[in-house]
Asks: 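The structure that follows is given in the form of structure tokens.
What you see is a predicted model; the values in this text were computed from it and never measured.
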Amino acid sequence: MRASNFGHAVRDRKIGWCASCHVVAPEQRTANADAPPFATIAKTAGFSADKLAFFLLEPHPKMPSMALTRNEANDIAAYIGTLAK
């Protein structure tokens, strides 16, 4: 997984809308109170970037249909994993 490619996924697929619900970076200050910040997701007990990538590929209630490729889902999940520190 390539955490460094998160920016490419955001730019290339214009999925910056993650930030309209989730806090996606430490410097972001506002988001939807019902959506967990990416850092919180990363710090969840048992976090697995592989499991998260799989989750992102399937539509779920409260989340828009993102139509991500496997590489994009892997990149996003890997980026989220870097926020566990």
Side-chain angles (χ1 to χ4, degrees):
M1 291 187 200
R2 301 167 310 263
S4 63
N5 285 346
F6 178 73
H8 295 287
V10 170
R11 184 190 69 234
D12 296 344
R13 296 276 299 154
K14 296 182 173 49
I15 59 170
W17 40 254
C18 292
S20 66
C21 293
H22 297 273
V23 172
V24 301
E27 64 275 2
Q28 183 181 345
R29 298 291 176 231
T30 60
N32 183 324
D34 294 330
F38 279 9
T40 299
I41 294 168
K43 294 173 186 172
T44 301
F47 172 82
S48 162
D50 291 333
K51 289 179 185 176
L52 179 59
F54 182 75
F55 172 84
L56 293 173
L57 292 173
E58 297 295 323
H60 289 82
K62 296 187 180 183
M63 285 186 62
S65 177
M66 297 177 282
L68 298 171
T69 67
R70 288 179 193 241
N71 285 336
E72 289 166 336
N74 285 336
D75 291 344
I76 293 168
Y79 168 74
I80 291 171
T82 68
L83 301 174
K85 300 171 184 171

Asks: If you take all heavy atoms of A53 and A77, which pair is closest and at what distance?
Replies: N-CB, 3.7 Å
Asks: Do side-chain atoms of E27 reach the backbone of R29 as a donor and acceptor pair under 3.5 angstrom?
Replies: no
Asks: In Å and rounded to the nearest 0.5 Å, what is the CD1 to OG1 distance from I80 to T44?
Replies: 10.0 Å
Asks: Quick check: closest heavy atoms across A73 and L56, and the distance to 0.1 Å?
Replies: O-CD1, 4.0 Å
Asks: Could you see if V23 belongs to whatever hydrophobic cluster contains F47? Use Ile, Leu, Val, Met, Phe, Trp, Tyr and a side-chain cutoff under 4.5 Å.
Replies: no
Asks: Quick check for you: to the nearest 0.5 Å, what is the distance between L52 atom CG and N74 atom CG?
Replies: 9.5 Å
Asks: Which heavy atom in A35 sits nearest to a heavy atom in C21, and how many Å separate them?
Replies: CB-O, 3.2 Å
Asks: Indicate the atoms forming the closest heavy-atom contact of K43 with L83, along with that distance.
Replies: CE-O, 3.6 Å
Asks: Report the distance from atom OG1 of T69 to atom CG of N71, rounding to the nearest 0.5 Å.
Replies: 5.0 Å
Asks: Give me the ring orientation class for F38 and H22: parallel if the planes are under 30° apart, tilted from 30 to 60°, perpendicular past 60°.
Replies: tilted
Asks: Are F55 and Y79 co-members of a hydrophobic cluster defined by side-chain heavy atoms under 4.5 Å apart?
Replies: yes
Asks: Once rounded to the nearest 0.5 Å, what's the spacing between atom CD1 of I76 and atom CG of L68?
Replies: 5.0 Å
